[in-house]
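Shown next, in structure tokens, is the structure this report addresses.
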Amino acid sequence: MRRSFFLNKQQLPFAYQASRPFFEQFNEWIGDVFYDLLPEAGMELRDEQIFMAFQLEKAFIDKEIMFAEAGVGTGKTIVYLLYAICYARYMRKPAIIACADESLIEQLVKKGGDIEKLSQILDFEMDVRLAKSKEQYLCLQKLDHARAHEDDEEFDQIHDELPSFVHSNETLQSYYHYGDRKEYAHLTNEQWEKIGWDSFQDCFVCDKRHRCGQTLSRDHYRKSTDLIVCSHDFYMDHIWTYDARKREGQLPLLPEASTIVFDEGHLLEIAAQKALTYKYRHDVLEELLTRLLENDVREEFAVLIEDLISQSLHVSQLLQTKSHVVEGSDRKEITVDSGILKEITILVTLIAKLEDEMVFESEMYTIDEYQLKIVEEHVDMIHHALKIFIQQSAITWVTDDEQGVTLVIMPRLVEDVLEEKVFQKKLPFIFTSATLSTNGSFEYLANSLGIKNYLSFSVESPFDYEEQMKIVGKSISKFADKYNYVKESLANTDGKGLILFPSYQELQRFKQAVFEDHSFQWPIYFEGDQEISGLINKFQVETNSVLCAVSLWEGLDIPGESLSNVTIWALPFPPNDPVFAAKRNSANDPFWDVDVPYMLLRLRQGIGRLIRTHHDKGIVSILDHSLETDARLFSAITNVLPVKLEKEL
């Protein structure tokens with residue numbers, strides 16, 4: 001007999017009795033959900049999903065870390081949502097669902113997505129709020145700058161369509177959402193970069209911060225009682241800025257949580273590396289220090305600031321001359337020699353002296369205390385980062401664009417930071433993905449995240465891949481041959497294709513070839529031309545279209561005929577950049593210890609985009625010359641594929 005349900009959103013979705021253990025009652029309810037409620041709603045009864053549900057219980061009871069590897073089609077999202085919502089209500093703290101990127105978030109929260117489906121089936125209202133990454137929001141200061149310096153009418157139109165309260169002193173009566181990247185889906189990534197928030201924006205002294213869409217959103221999602229959905233990047237930014245925000249008297253980016261779920265958890269290390277970085281750019285430092293000169297400061301203090309600005313400019317110019325382009329990467333490698341170490345040491349010495357002088361200057365009360373505090377925070381960060389650079393105990397690189405030269409400094413051992421700042425907390429941490437293990441072991445992932453003790457399980461996909469999928473391996477190296485093969489393959493399925501590229505450079509080359517090919521007959525969409533969720537929607541709606549992407553190896557969920565053909569343009573080995581160069585340098589066998597495990601995980605994910613339901617059918621093509629030239633690699637690949645690889649040589 002089905003147990004009664006309460007509809008009040010402050011209560012659990014089952015008749016909880018305080019006299020009985022919570023998990024005993026929750027376990028009984030989970031059985032009702034999977035054996036009665038979901039099938040009655042037309043959803044399949046999946047043994048793999050039920051197995052996963054009862055495995056997760058161990059992690060929640062003991063508040064442990066769990067690697068939950070569940071094959072495509074298991075229905076893992078429904079499982080972790082059931083646990084997250086009930087545990088959040090029981091603990092009276094929201095659960096955090098951290099997805100690999102913004103497109104995965106959209107898949108989860110979109111109309112008709114898993115959260116809405118579950119809410120309707122259970123007849124149970126959930127308080128679900130999005131915490132999008134800061135880069136996903138419009139920066140009002142950058143918009144003003146773009147309007148003044150860019151010949152683009154789009155920016156004027158965006159300004160004119162802003163809510164009226166942005167330009168007035170109107171009192172906000174209720175939360176108003178605006179400024180989200182998704183609202184400007186028609187903009188290219190290049191256009192968005194000119195008006196979207198970036199890490200060099202000084203929000204603390206921005207006079208528009210209380211009218212900013214990002215700030216308003218933060219105030220809103222913090223009040224969630226059930227689920228907060230964010231990206232891996234945002235969660236790691238929360239961890240990395242937690243102490244600094246506390247020192248500044250601000251709330252952390254995210255509230256205390258009852259549990260953390262990392263969807264596509266094998267990608268968390270990449271987000272950690274991105275978040276745990278320092279960035280130094282001369283023009284930002286100069287602007288901050290120049291503000292101090294606008295106050296009534298001592299002459300010796302002003303001279304010190306001018307010397308520091310001059311040395312900073314010199315170092316910036318030196319970084320530009322000492323860096324060179326790395327093929328296959330948008331990052332530049334730095335040639336570190338005694339000359340550059342000497343000049344950065346001089347800069348560090350000047351910064352240390354400035355920090356001492358700022359203490360004295362603060363006692364003169366001639367500089368606004370809040371403004372001085374912002375400068376102190378930024379200078380302290382640069383000081384710490386440059387000392388790491390001098391000690392050569394970090395991974396460093398340079399980016400050079402229209403905004404200037406940026407030195408990026410990342411600590412080598414992010415796993416140490418994660419172990420201390422994240423995984424020492426006594427919480428249920430759930431990692432879910434179809435690809436968490438390598439050759440049946442979770443050690444590769446656990447070690448990269450600094451995780452010592454964990455629970456784990458694997459459950460296979462319920463799909464009949466032998467009947468539903470064909471995988472073809474084609475040993476091709478020349479671009480023209482690959483291009484012609486892709487056209488021929490798309491002709492066989494009349495479009496309906498996803499082409500996955502390992503880099504933007506290769507995607508752009510393919511894009512140029514399509515534009516020059518007047519016989520290309522299908523609507524085609526390229527990542528970067530618009531906001532990604534908008535492109536995905538167009539691809540899904542236009543049945544015979546083609547989608548080309550670099551970031552959609554994971555999470556893309558397009559069931560049905562619209563996706564019948566997946567092309568792996570080349571084996572997805574890690575990029576040739578300083579981060580992976582450091583990993584390779586510390587490995588006994590760089591290719592087999594670093595490159596191949598990364599590639600195999602990503603390859604499995606890419607192949608997993610094809611079959612999303614029991615009714616899907618299609619073909620996967622893997623185009624890479626090494627399928628013929630490297631027998632050991634070919635064997636490693638075939639061992640992780642769901643069906644036999646048919647070679648077309």
Any residue meeting salt bridge (Lys or Arg N to Asp or Glu O under 4.0 Å) with K496, in chain and number order, not counting sequence neighbours: E561
The salt bridge (Lys or Arg N to Asp or Glu O under 4.0 Å) partners of K617 (sequence neighbours excluded) come to none
Go through the structure and list residues passing ring-ring contact (aromatic ring centres under 6.0 Å, His included) with F23, not counting sequence neighbours. none
Could you tell me whether the side chains of T613 and D616 share a donor-acceptor contact shorter than 3.5 Å? yes
Between the side chains of T567 and S621, is a donor N or O closer than 3.5 angstrom to an acceptor N or O? no
For E443, the side chain to side chain contact (heavy atoms under 4.5 Å, CB included) test, sequence neighbours excluded, returns S441, N447, Y454
Answer with yes or no whether the side chains of T259 and Y83 bring together a donor and an acceptor at under 3.5 Å. no
For the residue pair E48 and T74, confirm or rule out a side-chain donor-acceptor distance under 3.5 Å. no
From E64 atom CD to L455 atom CG, the distance as rounded to the nearest 0.5 Å: 5.5 Å
Looking at residues at least two apart in the chain, or sitting in another chain, which of them share a ring-ring contact (aromatic ring centres under 6.0 Å, His included) with F591? F573
Assess whether side-chain contact (heavy atoms from CB on, under 4.5 Å) is satisfied between F262 and E264, documenting all intermediate values. CA-CA 6 Å; F262 296 112; E264 301 298 351; over 6 Å; no
For F51, which residues count as a ring-ring contact (aromatic ring centres under 6.0 Å, His included) partner, sequence neighbours excluded? F457
Is it true that the side chains of E125 and S119 contain a donor and an acceptor less than 3.5 Å apart? no
Suppose we screen for salt bridge (Lys or Arg N to Asp or Glu O under 4.0 Å). Which residues come up paired with E531, at least two apart in sequence or across chains? none
Under 3.5 Å, is there a donor-acceptor pair linking the side chains of Y444 and D593? no
Answer yes if the side chains of Q136 and D180 hold a donor-acceptor pair under 3.5 Å, and no otherwise. no
So do S533 and K182 actually touch side chain to side chain, heavy atoms under 4.5 Å? yes
Tightest non-hydrogen contact, residues S626 and D624, listed as OG-OD1, 2.6 Å
Side-chain donor-acceptor pair under 3.5 Å between S475 and H625, yes or no? no
Considering all heavy atoms, the nearest F634-L627 contact: CD1-O, 3.4 Å
Do you know the tightest heavy-atom contact between L641 and L645? CD1-CB, 3.7 Å
With a 4.5 Å cut-off on side-chain heavy atoms, are R609 and L552 touching? no
Once the angle between the rings of F520 and W522 is folded into 0 to 90°, is it parallel (under 30°), tilted (30 to 60°) or perpendicular (over 60°)? perpendicular
For W553, the option from L500, I607, L601, L267 that meets side-chain contact (heavy atoms from CB on, under 4.5 Å): L500
Tell me, with the steps shown, if E466 and K644 meet salt bridge (charged side-chain N to carboxylate O under 4.0 Å, His left out). CA-CA 8 Å; E466 293 290 344; K644 181 181 178 181; over 6 Å; no
Under 3.5 Å side-chain donor-acceptor pair for Y184 and Q191: no
Please determine whether the number of non-hydrogen atoms from other residues, nucleotides or ligands lying under 6.0 Å from atom OH of Y35 exceeds 12. no
So I451 and F431, do their side chains get closer than 4.5 Å, heavy atoms only? yes
To check you understand the geometry: which heavy-atom pair defines the closest contact between V514 and Y483, and what is its length? CA-OH, 3.6 Å
Quiz question: by atom type and distance under 3.5 Å, do the side chains of D233 and S133 form a donor-acceptor pair? no
Side chain to side chain contact (heavy atoms under 4.5 Å, CB included) partners for S258, two or more places apart: Y87, A88, M91, K93, A95
Go through the side-chain N and O atoms of N576 and R331 and say whether any donor and acceptor fall under 3.5 Å apart. no
Got a sec, which residues hit ring-ring contact (aromatic ring centres under 6.0 Å, His included) with F429, two or more places apart in sequence or on another chain? F423
What's the separation between atom CG in N537 and atom CD in E542, rounded to the nearest 0.5 Å? 10.0 Å
Flag for Q512-Q508: side-chain donor and acceptor within less than 3.5 Å: no
Under the salt bridge (Lys or Arg N to Asp or Glu O under 4.0 Å) rule, collect the residues that match up with D114, sequence neighbours excluded. none
Under 3.5 Å, is there a donor on one side chain and an acceptor on the other for S217 and Y137? yes
Can we say R632 and D630 salt-bridge, meaning some charged N sits less than 4.0 Å from an Asp/Glu carboxylate O? no
Answer yes or no: is there an ion pair linking E554 with R602, defined by an N-O contact shorter than 4.0 Å? yes
Side-chain donor-acceptor pair under 3.5 Å between S519 and K487, yes or no? yes
Can you see which heavy atom on R604 is nearest to which on A434, and at what distance? NH2-O, 3.2 Å
Under the side chain to side chain contact (heavy atoms under 4.5 Å, CB included) rule, collect the residues that match up with L610, sequence neighbours excluded. M469, V566, V620
Using the side chain to side chain donor-acceptor pair (under 3.5 Å) criterion, which residues pair with S458? Sequence neighbours excluded. E69
Going by heavy atoms in the side chains, are Y465 and V72 under 4.5 Å from each other? yes
Check ion pair D529-K511 (N to O, under 4.0 angstrom): yes
Any donor-acceptor N or O pair under 3.5 Å, side chains N565, S489: yes
Mind checking whether F479 and W569 have ring centres under 6.0 Å apart? yes
Under 3.5 Å, is there a donor-acceptor pair between the E44 and H614 side chains? yes
Can you name the nearest heavy-atom pair linking F463 to Q468, along with the distance? CB-OE1, 3.5 Å
Do S562 and Q540 have side-chain atoms, one donor and one acceptor, less than 3.5 Å apart? no
